[in-house]
Each structure stands twice: as structure tokens, then as C-alpha cells.
Protein chains: 2
Amino acid sequence: MTRKRATLTEVAKRAGVSIATVSNVFSGRKPVNDELKKRVEKAAKELSFQIDRAASQLKSGKARVVGVLVPDLDDTFFTSLISRIEVMALKDSYDVIVASSRDDKQLEESRLQTLLGWRPSGIIAVPCSDIVPAVLAREVAHIPTVLVDRVITQSAVADTVTIDNFEAGEIAGRYLVEMGHKDIVLAASSLDIAPIRERVRGAVSIIHKMSGREPTAIELGSNAERGAEIFAHWLERHPLPSAVFALTNVTTLAALTALARQRVDIPEQVSIIGFDDYTWMSARKTALTAIRQPVDEIARLAWERLQIRIGGDVSEPHPSILNTSLKVRESTRRLADPSRGEGLKPAEEQPGETIDNAAKERPNRIH
Amino acid sequence: MTRKRATLTEVAKRAGVSIATVSNVFSGRKPVNDELKKRVEKAAKELSFQIDRAASQLKSGKARVVGVLVPDLDDTFFTSLISRIEVMALKDSYDVIVASSRDDKQLEESRLQTLLGWRPSGIIAVPCSDIVPAVLAREVAHIPTVLVDRVITQSAVADTVTIDNFEAGEIAGRYLVEMGHKDIVLAASSLDIAPIRERVRGAVSIIHKMSGREPTAIELGSNAERGAEIFAHWLERHPLPSAVFALTNVTTLAALTALARQRVDIPEQVSIIGFDDYTWMSARKTALTAIRQPVDEIARLAWERLQIRIGGDVSEPHPSILNTSLKVRESTRRLADPSRGEGLKPAEEQPGETIDNAAKERPNRIH
DNA sequence: TCCTCGCTGTTAAACGTTTTACAGTTAAAC
DNA sequence: GTTTAACTGTAAAACGTTTAACAGCGAGGA
């Protein structure tokens, strides 16, 4: 199986040049005579030679890898983030090492530690809790780091890219109240997660301000199936709310599953706003109205920040905060007479219409 | 930013031992006196030292990385594969480098080439077409390789893990015919992909055998949105079929989206069988009946084969073929009188019931 | 003609580990 | 009391690159 791979030396010998020349041909650091270059390339091809990254990295100290850590590789939000990061990484010829912390603080530390062993050019991490991993906090001065999504912007020790979670809560809350909803349930994953708390705060505050009511927040965890059970259980012992606002894509799934199991009609009996924007949300008779996170933008910005840091920038940690938008589709119904709890039309807006807050001031926005 | 990281030598100096001892403490290859070990560990912690993988790998030749190549990091099937592989990799303390070929044969080659540059312990690849990437074909003798999913088992140059695609087609086809469906559409991604052709073959053959009818196969590509448009367009110029069998998770989404846009009721007007089994499929009023691929099993087997090869096994390429099952839920309706094309009950089986072919002979099955 | 310069190519010294061969020390065996 | 064996620790040689430093050699300027 393992006939040893060709080395610089062998290629050099075969092409009748020094190893430095071969190295130059591959790295392009110094010009090489055309005729020699041809010979080297021929020899390399014949031996199917390829630079050994370990050796290259050891000597040069440069890595051309980034480590990406996420809390869950089964969560579409994180994988779509990874997908986009991989695209930009390729463009700048970096490779990507992925690791999942599985929402486990301890595993997070150890995964980060091994990631660091690669001496990567940088780390993009979605922490699994508010508190920045100790490894990262310690190492942040030595390695470019960007924290994404689950972060408290204020206290950050590194660059961050997040959405305006409070505003996301507000947008959904406002829309729901405007549609006449009063009895609203907030389907959170876990209130231990700062961004989730922010979304709740945003929704609660605007709902209270506009309607004087207090929405109910329930925690469904970060597993859809279990979340569905919890929610179903909750539904059994409470009167049907008129609307549900799911705060993550997983709780969206959980709520939808529970509602479907109990044969609750959407939006006739219960309106719902989901979180994140995925194809399956439109692949239904009553397409889902949802808060859309700008995943592309998040990934782009994270990569941009990382490159800036790799480039040697040592300025203060830079927080980027992006805005979400509401994709209005068909899962929220207008209640004609709020007090009666009954209405006519499913939704006023055109399906597909977007209520975008893009025009509003974007604090800390790059450019 | 980049104060240099501590090295073995520095730790050794601080602990007052030789670098060999420090190395032994970390690798555990040779026993080290407890008192010394303590000293070394203390020194290491103080310097927040961590073995440099590049150096380690260069010297030892062992990598503890595997490269994983998939055609699309936005496709849940592939990411769930990666998720499971990452779990097993961690268990055996390997790291995972991911790369996407974006269904581009040329990119596939180059991604594979760079992957190889890491001198990984092995490669797990989902090729983007039938023909095995040239790099891999050339290198397969030197590096443990497992090909997954999109593979022609017979001609494989390396270990393969696939599902029985023909059988998957048969299962769905048989079920549909048994439910009284005759006018069936096969929503394929691309007939250039061997497994898809097999699924089509399986469905066509059994449908023909049982009902004498020929289903129509249409190609929707591997992008859900575009697929939806193509299918919508097709629907406009053809009479409604009584059932759709979607052959991939993306075409499932595409078909569902198109059907929803045209306000077609499922299963009243059209029955549908999807592919793959994801949470969103159950998170709907009429939960989706679908062919389930055993993703866990696929990942487990792929990893197992890889480990066997890494262990030095040089026997003939080993094909593993897994069986799929039909998750019967609510999206297929029984047609009472096939000729009339109208029926009564949505489905005979209990929702959630599984028609499993597990008991059948499993060719080439491990164990 | 001599000197300098630009252009290419080479030599050789690292980079931070792993690992072999060896040395020293103590315990067990005879 | 000597020999052996069992343990631990160390010195030093790689691993395959990158990258100074340097060398050879025409050409152009003085």
C-alpha cells in the first residue's frame, strides 16, 4: 500500500537540478529558466510528486489552513456557514479543518486545543455558550480568531460576527402584534444562550409595548425530535396560542412537528414565524414566514475579518452586527378582531415579500 | 499578534529534562518517572505548549487526519455524513479536513490533489460522477481510500459503501403500484449519475412488471430552486401524475416546492415519495413518506473500511451495499379504483411504519 | 578593461518533532 | 559477588521543506 511518496530530492535528481530550484518552481518565489522549469514539471508529474504540507509548514511557519468549530454539524445553519466559508477559503487557497463541539463546553475546549495543534492561520468558531472558550481567550493574542453567532458582542475578546438578535425578536414580535396576535409563544432553544435571550428580550419588549401582553417563552433544546415532544407536552396542558415565534431553525422544526402531530392547522388555528430561511420552508402548501439570517453575509464578513487579522492587523476587537429580515409567506394569519381570535385572510402581504431592515442604521457595519 | 509558540526544547529546558523525555510524556511511547512527568506537564502548561502537528507528522510520517470530499456542502445528506464521520474520527482521534467539489469534475481533481498534500491517513470521497477521479485512481494504491454513494460498485478501484439503489427504486415503485398508482413520475436529479440511473431502473422495472406502465423520468438537477422551476414548468404542460417518486433529497424539495406553488394537494391530488429522512419531512401536516438511507450505517461502514485499510489490509476492493427502507407516512394515498384515479383513504399503513428490507439477503454486507 | 549589476542556480542550515541507539542505575538471578 | 535484565533517561540523526547566503556569468556603464 504505502510506497513512499516522492520528495523534492527525488524530483531534483530526476530533473538534474537542485532541490532549491524545484522548490522555486513550485512556490514561484524565484524565477526559474523556462527550460529547467519544464524539466522539473515533467519529472514531478512522472513521480506524481506533491509538496508535503507538513514539511512545508514546519519550515515556513505558514499554514494555509483555518480551523472551523461549530456546536453541531447536523444543524443546517452551521453547515451552510461552513459551506460558504469553504468557498472563500478555496478562493484564497486555504484548507478547512472542521470540528464539532456538540454543544459540550468541555469538548469545545479540547477540539479547539487540537485545532490549535495544526498552527492554523486562523480560527472561526461558533462557541457553544456565552463564555468564550478558555483556550481561545488565552490564545487570542497569538492566533487570528473570529467568533460567530453565539457571542456576547460587548465583552468579546476577538472579532465577532453576529446578527442583531434583539432586533430579530422585535421584527417578528412587531409583525405578530400588527397581525392582531396577542397570545404568543416564544419557542426558544435554551435561555442559557445569549443570542436567544436577546431574541426573547426583543420580542417580549415590543410585544409588551404594543399590546401590553407578555408572551410565553419555552425552552425546547437543540434537538428537534426532543423539542417536538416537549412542545407537544406543553400544548396538551395549555390552551392553543394564536401564534408561535420559533427562535432557531431547530425549534422551528420542533414546533412544526408538534403542531402537525396534534393536527393543528397553520395558520388557521395557530400562526407561526420560523427562524432561518431554508428550502424546505417554502416546500409546503402554507409556506413558512420566517426570520432570515444573512448567512452569506455572515460567512463573508467572518472570512474578511479573519483575513484582515491574518494580514497582521492588531487593532481592537471588531464587532460586526448584521440585520435580519422577515420573509413573509403564508404561515401567519391576520386576526380580524383580536379579541375574538378569529380572522379572514391568512396574510396581508404578498407571499415572498420581504420586510427588510436594511435601510435602518446598522451599527458597527463594515463599509 | 504572533509571539512564537513554545516548542519541545523550551519545555524541556524549563523542566530540566531532555526533549526526548518531553516527547515521551506527550506521546506515551516510553514510560516516564512520575516526578519528571509532573515537572514536564507543569512546564508545558505554563508555556501553554502543544505538540506541533506539522513537525510531528513530518518526522513520524503518520498523519491522524482524514480528508473528506463531497460534491456539495449544502446538501443535508452529505453534511449528515460528514457529521457522523467527524464523530468517529474524534473517537479514534483523527481530525477531518473537508472539501467540496461543487459537482465539478475538475475542481474535484484539484481538491483531491490538495487533500493529498496533507498526507492524510485516508480519504473518504463522494465522487461527483461515475468515473473515479484520476488522482484517486492513481493514488489508490498508496493511500487508504473509501468511495461513498456515487459509485459504480462493480468497477471500483477502492472500497465502496453504497446503498442498493436498484432496490430503493423497486421498494418505492412497488409501494406506489400496490397503492394503485399507475401514472408515476420519477423526479431524478441527473441521469448522468449512476446511482440515480439505478434508482430509475429499479423503479421502472418493477412498475412495468406489476402494472405494465412506464413511469416518466425527468431531470431536475441538484439545486432545489431551479429544480422546482423545471418541475413546475413540466407540470404546466402535462396532466397531473397520480404519484411522484423523488430520487434525491434535493429533488424531493424541488417537487414539493413546485407542487406547493401550483397549489396541488398532497396526497389528495398527487401522492409523493421522497428520498432521505429528515426532520422537516415529519414537520408537516401530511408527513412525507420517504425512502430512508441508513446514513449512520453508511458513515460507520465507511469509517470501518478506512480503518481496516489504514491498518494495512491490502486485499481486493471491498464493496459494501446497504439496504434502504420505506418510511411510510402520509403523503401517499391509496387509489381505490386505479382506473378511476380516485380513492378514499390516504394510506393503509400506520404512519411511521417502516417497510424494511433488512431481512432480505444483503450482498457484500460486512459481518 | 574593470566593476557592478541583474539574473539564475546551488549549498546548506534550519524548522520541531520522533525514534534509534546507547548509557546509567537498580533489582533480580545465579 | 558477578551477570543479566529491566527501567528510565539522553544524544543525535533524521523527516522534506524553505530560504538565506552565495556563486557564476553575461551585459552594460565607466
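Here is the naming used below: chain letters follow the sequence lines, and residue numbers restart at 1 for every chain.
Summarising the geometry, atom CG belonging to A/L69 is positioned 5.5 Å from atom CD belonging to A/E108; distances are rounded to the nearest 0.5 Å. To the nearest 0.5 Å, atom OG of residue B/S23 and atom CD1 of residue B/I51 are 6.0 Å apart.
Here D/dT19 presents its C1' atom at 13 Å from CG of A/L8, a figure rounded to the nearest Å. Counting to the nearest Å, the P atom of D/dC15 and the CD1 atom of A/I19 are 12 Å from each other. D/dT17 atom C1' lies 12 Å from atom CZ of A/R29, rounded to whole Å. In this structure, A/K30 atom NZ and D/dA23 atom P are separated by 13 Å, rounded to whole Å. Here the P atom of nucleotide C/dC15 and the CZ atom of B/R5 are 17 Å apart, to the nearest Å. Atom pair A/N24:CG and D/dA20:P shows a separation of 12 Å (rounding to whole Å applied). Going from atom NZ of B/K59 over to atom P of C/dT17 covers 13 Å, rounded to whole Å. Per the geometry, CD belonging to A/Q57 stands 13 Å off C1' belonging to D/dG16, to the nearest Å.
Pairing for C/dC30 goes to D/dG1, judged as Watson-Crick or G-U wobble with the two contacts each under 3.5 Å.
Surrounding NZ of A/K91 are more than 12 heavy atoms belonging to other residues, nucleotides or ligands, all under 6.0 Å away. The number of heavy atoms from other shown groups lying within 6.0 Å of CD (A/Q106) does not exceed 12. The number of heavy-atom neighbours closer than 6.0 Å to NZ of A/K105, taken from other residues, nucleotides and ligands shown, is above 12.
Comparing C/dG9, C/dC15, C/dT17 against the side chain of A/R119 picks out C/dT17 as the nearest. Here the nucleotide nearest the side chain of A/V17, chosen from C/dT18, C/dT10, C/dG16, is C/dT10. Of the listed nucleotides (C/dT17, C/dT10, C/dT8), C/dT8 has the atom at the smallest distance from the side chain of A/P31. In this structure, the nucleotide among D/dG9, D/dT19, D/dT17 sitting nearest to the side chain of B/V32 is D/dG9.
Regarding contacts with the backbone of D/dT18, a side-chain N or O of A/S56 is found under 4.0 angstrom from either OP1 or OP2. Distances shown here put a side-chain N or O of A/S23 below 4.0 Å from the OP1 or OP2 atom of D/dT18. At D/dG9, none of the side-chain N or O atoms of B/S18 fall inside 4.0 Å of OP1 or OP2 (strictly under the cut-off). For D/dG16, neither phosphate oxygen OP1 nor OP2 lies less than 4.0 angstrom from any side-chain nitrogen or oxygen of A/T9.
Residue-level contact check: A/F26 touches neither bases nor backbone, having no heavy atom under 4.0 Å from any strand.
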